[in-house]
Amino acid sequence: ERAYRRRVILSASDPRLSEKKFVEAPVIVANNDAKYQINKDRSKAYAQSAETECRLSVALDLASNEALQAADCDKAAKIRWLQYHDRDTADLCGMLPLAIGMPVALTQHLDRSEDKLLLRGRVGRVHSWLWPENNQYVKFEKASWQLDGASEPGLYPVELKKRAWFLDAKRKKPVLKVKRQQIPLVPAFAITAHASQGKTLAAALLDLNIDKRTDPALGTVAASRVRSRHDVLIMRPFPLWLFQRGAAEGPKLLLESLRGQEIDWTAYREARQPTATCKECRLVKAVQAFYDAEWSRVRSNQPATCIACTNKGKPKPGPPKRKYSGGSASFVCSGCKRAKIEDAFPRAQLNQQDAEAKRRCLPCLRAATALTCTVCKSSKPVAEFEASMVTLPAEDVVCSSCQERIKQRGVKNSREGWFTCKSCKGFFKAPPLDSQGQRQQYCGNCSCRSTRAANQQKCRSCGKMFQQTQKKGQPRVRNCPGCRRPASRGGDATPSKTD
Ligand SMILES: [Zn+2]
Ligand SMILES: [Zn+2]
Ligand SMILES: [Zn+2]
Ligand SMILES: [Zn+2]
Ligand SMILES: [Zn+2]
């Protein structure tokens with residue numbers, strides 16, 4: 001505990017902050033807002049201390065006719081777009097502060113040639129610029145190459161890039177195109193814990209200026225990005241609540257990682273707290289920021305809306321998170337071999353035959369770029385399949401064109417091998433009739449109860465499994481004992497005798 005306490009900076013005058021490695025070390029932050037803010041502030045501070053000018057390159061967004069017709073593309077909307085995550089805007093950021101000498105990272109591959117390898121994420125320094133044409137010359141250290149006409153090795157012109165992004169990117173066939181023009185750079189002063197995954201940094205600062213919505217594992221995720229605890233400074237004391245909520249392993253893991261032990265934090269977090277991007281606000285949020293029904297959509301690889309966006313505009317919006325307990329991380333994925341909670345898997349994976357050995361988690365499934373259709377037997381890019389196909393066991397995967405063809409032949413009957421799911425209305429290959437000779441009515445993602453033990457139920461509120469005998473003639477009990485409203489309010493309120 002002492003060890004990490006000593007790494008905490010309590011004031012801006014801490015002498016360690018002026019150690020060379022920390023002057024330009026990136027700050028690892030919880031979210032995009034913090035990233036923008038810190039990048040902006042530190043760029044300004046950098047320009048000030050270097051006595052050079054700091055300029056803001058603002059992205060130019062041009063909405064297509066489709067977008068203009070379908071969505072608000074007024075000034076307010078465009079300002080909002082500038083705040084979108086660059087992942088949603090074709091990797092071109094909205095507002096880019098720049099100063100000469102400042103460290104910047106590439107947001108796109110610029111040059112894949114073997115000697116240069118100017119790939120996404122590569123860090124260089126702004127060397128000079130031709131404003132307002134917005135051509136940046138970026139200097140890459142330790143370069144052995146020199147461009148014709150360049151004054152020194154490692155100097156590379158980074159030009160304005162035009163790329164299309166979509167307001168409705170989560171839709172199957174996005175149409176609301178916006179063209180953005182921006183320099184493909186970001187300041188390398190702050191990165192999100194998410195983006196820091198898989199990188200080892202020479203030194204890092206952790207920003208623990210976090211609110212209660214922050215994932216408790218963040219500090220630990222960030223701490224694992226450096227080689228030793230001497231390469232990390234923590235920007236403020238850990239608030240106590242960070243350690244008091246749920247993740248009891250948190251502090252222990254943090255201390256271990258500060259001692260230099262290698263722990264895979266990303267995996268640790270992802271296994272217990274799967275995340276998804278909200279289709280409205282486009283923020284990446286953890287499972288408890290989605291209502292159960294919306295998370296079910298995530299699990300079948302459909303776009304979903306977070307609680308905050310669902311409740312937007314309501315007089316009493318309520319908390320942006322639901323009470324949630326994911327249960328134990330006891331489902332091993334056959335892809336990444338990690339044990340994760342149930343909610344990290346599509347239901348179709350858990351419901352399949354031989355699931356124990358075959359099931360794969362959502363991140364593993366979504367990483368696929370191609371699928372093999374079991375009808376036409378050809379391997380095609382995932383875009384040629386319905387989104388939910390990604391979540392099905394391999395033997396049920398059918399491409400969209402085969403689906404269409406079969407539908408047109410009028411084959412709908414499960415006896416002929418096909419059926420339409422009663423719940424999601426998807427069109428699926430029918431499995432053999434079940435033991436009672438029943439026809440399939442629900443797809444693997446919708447038939448969630450089939451494999452559960454009798455009387456087992458998933459809590460509507462927190463998602464925890466609980467035992468409940470449903471009495472005939474009485475309303476179904478949908479919430480676990482912990483989530484039930486106090487007595488005398490109908491079915492849900494009856495305290496259960498089974499627990
Ligand atoms: Zn949202
Ligand atoms: Zn996996
Ligand atoms: Zn096919
Ligand atoms: Zn279904
Ligand atoms: Zn509950």
Side-chain angles (χ1 to χ4, degrees), residues 172 197-198 264 266-276 287 292-304 326 329-352 355-409 411-412 414 417-431 439-451:
K172 206 163 67 181
Q197 287 167 23
D264 193 342
T266 316
Y268 164 81
R269 184 173 63 162
E270 183 63 42
R272 285 159 183 81
Q273 218 173 50
T275 57
V287 51
D292 195 44
E294 287 298 303
W295 190 258
S296 293
R297 294 179 54 81
V298 171
R299 289 175 74 182
S300 50
N301 200 27
Q302 306 287 342
S330 54
F331 298 81
V332 178
C333 165
S334 70
C336 57
K337 312 283 184 222
R338 292 196 177 107
K340 304 190 170 195
I341 62 169
E342 187 185 355
D343 270 334
F345 294 83
R347 290 211 177 87
Q349 289 290 317
L350 300 176
N351 287 344
Q352 71 180 307
E356 208 49 41
K358 286 188 183 161
R359 67 187 163 216
R360 300 179 66 200
C361 70
L362 208 48
C364 281
L365 293 162
R366 290 183 47 147
T369 53
L371 291 174
T372 303
C373 170
T374 52
V375 176
C376 62
K377 310 283 180 215
S378 57
S379 168
K380 300 179 174 184
V382 283
E384 294 180 32
F385 294 80
E386 279 181 3
S388 68
M389 286 294 160
V390 167
T391 66
L392 299 187
E395 62 269 24
D396 291 340
V397 173
V398 183
C399 73
S400 298
S401 55
C402 286
Q403 270 181 327
E404 270 318 301
R405 218 182 44 244
I406 293 158
K407 260 193 232 171
Q408 269 168 19
R409 281 201 316 232
V411 186
K412 290 195 187 97
S414 64
W418 301 90
F419 75 104
T420 301
C421 170
K422 273 196 162 177
S423 171
C424 67
K425 313 289 181 230
F427 188 64
F428 299 98
K429 263 177 111 168
R439 278 182 209 158
Q440 186 87 5
Q441 309 215 327
Y442 296 98
C443 74
N445 283 316
C446 298
S447 64
C448 50
R449 307 217 181 275
S450 56
T451 56

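Values below: every heavy atom of this structure, side chains too, minus hydrogens, waters and symmetry copies. Numbers for residues simply follow the sequence, beginning at 1. Counting starts at 1 for both ligands and their atoms, in listed order.
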### Query
Close to the Zn ion (ligand 2), meaning under 2.8 Å, how many protein N, O or S atoms are there?
4
### Task
In sequence, state the C-alpha distance, the side-chain angles, and the governing distance for Cys424 and Cys443, and then conclude on side chain to side chain contact (heavy atoms under 4.5 Å, CB included).
CA-CA 8 Å; Cys424 67; Cys443 74; 3.7 Å; yes
### Message
Keeping Arg360 on the side-chain end and Ser334 on the backbone end, is there a donor-acceptor pair under 3.5 Å?
### Response
no
### Query
Taking only residues two or more places apart in sequence, or in another chain, which ones meet Lys380 in a side-chain contact (heavy atoms from CB on, under 4.5 Å)?
Cys376, Ser378, Glu384, Phe385, Cys399, Ser401
### Message
Quick one: does any side-chain atom of Thr372 pair with a main-chain N or O of Lys377 as donor and acceptor, under 3.5 Å?
### Response
no
### Task
Mark yes or no for whether Arg359, through its side chain, and Val332, through its backbone, hold a donor-acceptor pair below 3.5 Å.
yes
### Message
Let me confirm one number: the OG-CG distance from Ser300 to Leu362, rounded to the nearest 0.5 Å.
### Response
9.0 Å
### Shell of protein N/O/S atoms around the Zn ion (ligand 3), taken as anything under 2.8 Å
Cys373 SG, Cys376 SG, Cys399 SG, Cys402 SG
### Query
Which residues satisfy the side-chain hydrogen bond (donor to acceptor under 3.5 Å, both in side chains) test with Lys358, sequence neighbours excluded?
none
### Message
Between Thr391 and Asn445, does the side-chain hydrogen bond (donor to acceptor under 3.5 Å, both in side chains) criterion hold? Intermediate values first, please.
### Response
CA-CA 8 Å; Thr391 66; Asn445 283 316; 2.9 Å; yes
### Task
Without swapping roles, check the side chain of Thr374 against the backbone of Val397 for a donor-acceptor pair under 3.5 Å.
yes
### Query
Please state the angle at the Zn ion (ligand 4) spanned by SG of Cys443 and SG of Cys424: what is it, rounded to 10 degrees?
110°
### Message
A quick test of your reading: do over 12 heavy atoms of other residues, nucleotides or ligands sit less than 6.0 Å from CD of Glu356?
### Response
no
### Task
Calculate the angle formed at the Zn ion (ligand 4) by SG in Cys446 and SG in Cys421; 10° precision is enough.
100°
